[in-house]
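What follows is one structure encoded as structure tokens, with my remarks underneath.
In what follows, every heavy atom counts, from backbone to side chain, and hydrogens, waters and symmetry copies are set aside.
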Amino acid sequence: MTVQGQEKKGGRIILHVDMNSFYASVEIAYDPALKGKPLAIAGNAKERRGIIVTCSYEARKFGVKTTMPIWQAQRLCPKLIVMEPNFDRYRAASQGIFELLRTFTPIVEPVSIDEGYLDITDYCEGQSPIKIAQTIQERIMETMGLPCSIGIAPNKFLAKTASDMKKPMGITILRKREVKDKLWPLPVGEMHGIGEKTAEKLATIQIKTIGDLANAYEGRLEKLLGINGLRLKERANGIDRRNVDPESIFDYKSVGNSTTLPRDVANQQELLAVLRRLSEKVGARLKNKELLASKVQIMIRYKDRRTVTRGKTLVNPIIKGDDLYLHAKELFVKNWNGDPVRLLGVTANEVIDAHEAMKQLDLFSYTQDVKEVKLESAMDAITKKYGSQVIKKGIEIKGSNAASNTSFSKDFLHRPKHDDPDAK
């Protein structure tokens, strides 16, 4: 589907709105007595070993930082006010922010509870992008008492980079022609999309600045980081072809299915057959959303309603139902105590965009990976044309028609997609 405003020849105008110290700012807006005071939001706030989630700029002046233990933060700032997070309050504020943003353009893509992209290419109505950004900033502050920074650029990567350049309450324009002067001299680890581990890998091939990455030999990058290396080089040159996608609000950080069995079952083969079917459903949904799973989790609920959840972090992200089943089966066999089971669930956790995933293919796996991709594509084409019953994978599930299926996926705004009963 082509979204209005995405293909304009004159170039796109993308805004990235990033709320400043969001959790702390919401608490300050809720209780103005906190304004101007060093405030930190932390898990297990009553315990000194709790971790700082975010903090106000007044606290940051003392050196308090995110992920810092409370005891260390209080040593730096003895008058630090520590509060536990109120996620209902933050979620309500987030919904209000995005509703306000949609009054400027329908092309709004939330990417987390406190940041999102807007494509205003066709919605400027004669106003300058700076004026629109100023109006957005002022309205969020006036109506909700929350500060934000806004980046203005021709694509998402540059807009995100621009919004980080001036905080709090900054508005920054970053043009593609400015990338060489403003970004290339910076350490590569400061580039959006590059974490500490990736920066360390890049350093092994003498890439230390964003400019080094922008001018790196593509073959070496691909060998080191896979296709993601080529994508990062494009970003370093200011190239980002991604659209602002309003539908991404319905993407999930986890994709899962559970089923209540038609009767309490203690037969291992029947239970494994159910796990296989659930894994294939989750795999199909991952493929439809173009996501990969970095972690597999199972849920076992016994006859007496005791519930066990166990997960496994994966070396390489996966998408296929067969792969999900292998890990789900391993977890089940290791953790099932033999008692009758009432409900089973399989979840793909820590999902990532397939286009952003990185898998290094070595000489031993490359040929097999290519074969598997071709096989999967052929099966998808057959299934799409003739239906899901044409190709079967071996295990019949007894009583499956009587089972009720439930998805336990969630997104950060808890908004169901239209009337889809499978979205929560």
Please report the shortest heavy-atom distance between [X] and [Y], naming the atom on each side.
X	Y	result
Ala24	Ser56	CB-N, 3.9 Å
Pro147	Met19	O-CE, 3.4 Å
Lys156	Tyr117	O-CE2, 3.3 Å
Leu275	Ala328	CD1-O, 4.0 Å
Met68	Val64	SD-CA, 4.1 Å
Phe98	Gly116	CE2-CA, 4.1 Å

Can you confirm whether [X] sits close enough to [Y] that some side-chain heavy atom of one is under 4.5 Å from a side-chain heavy atom of the other?
X	Y	value
Arg276	Lys329	no
Phe332	Leu344	yes
Ile132	Phe104	yes
Ile70	Ile52	yes
Leu34	Ile81	yes
Leu343	Met299	yes
Tyr123	Leu118	no
Arg12	Asn155	yes

[X] and [Y]: side chain donor to acceptor below 3.5 Å:
X	Y	result
Thr307	Arg301	yes
Asn349	Ser294	no
Arg60	Ser21	yes
Tyr90	Glu27	yes
Asn257	Arg285	yes
His327	Lys312	yes
Asn337	Tyr302	yes

side-chain contact (heavy atoms from CB on, under 4.5 Å) with His16: which of Glu109, His192, Lys160? Lys160

Criterion side-chain contact (heavy atoms from CB on, under 4.5 Å) against Ile318, the qualifying member of Leu292, Leu286, Asp323, Leu326: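 It is Asp323; the other options fail the test.
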
Step by step, work out the salt bridge (charged side-chain N to carboxylate O under 4.0 Å, His left out) result for Arg263 and Glu270. CA-CA 11 Å; Arg263 67 185 190 285; Glu270 286 189 53; 2.6 Å; yes

Ionic contact status for [Y] with [X], cut-off 4.0 Å:
X	Y	value
Lys167	Asp18	yes
Lys303	Asp339	no
Lys320	Glu280	no

Taking [X] for the side chain and [Y] for the main chain, is one N or O donor matched with an acceptor at less than 3.5 Å?
X	Y	value
Asp119	Thr121	yes
Ser25	Asn20	yes
Thr259	Leu261	no
Asn288	Ala284	no
Thr198	Ile194	no
Thr172	Met165	no
Asp304	Arg306	yes
Glu222	Gly219	no

Per the salt bridge (charged side-chain N to carboxylate O under 4.0 Å, His left out) rule, which among Lys233, Arg235, Arg231 passes with Asp240? Arg235

Test side-chain contact (heavy atoms from CB on, under 4.5 Å) applied to Val244 and Val108, step by step: CA-CA 7 Å; Val244 175; Val108 177; 6.0 Å; no

How many angstroms lie between atom [atom1] of [X] and atom [atom2] of [Y], to the nearest 0.5 angstrom?
X	Y	atom1	atom2	value
Tyr23	Ile41	OH	CD1	10.0 Å
Asn215	Ile210	CG	CD1	12.0 Å
Cys148	Ile97	SG	CD1	8.0 Å
Leu232	Leu202	CG	CG	7.0 Å
Lys281	Leu324	NZ	CG	14.5 Å
Gln137	Leu15	CD	CG	11.5 Å

Mind running side-chain contact (heavy atoms from CB on, under 4.5 Å) on Met191 and Leu213 for me, showing each step along the way? CA-CA 10 Å; Met191 179 174 145; Leu213 176 59; 3.8 Å; yes

Walk me through it: do Val82 and Gln74 pass the test side-chain contact (heavy atoms from CB on, under 4.5 Å)? CA-CA 9 Å; Val82 182; Gln74 289 177 328; 4.0 Å; yes

For Phe157 and Leu174: C-alpha separation, side-chain torsions, deciding distance, then whether side-chain contact (heavy atoms from CB on, under 4.5 Å) applies. CA-CA 10 Å; Phe157 169 74; Leu174 183 58; over 6 Å; no

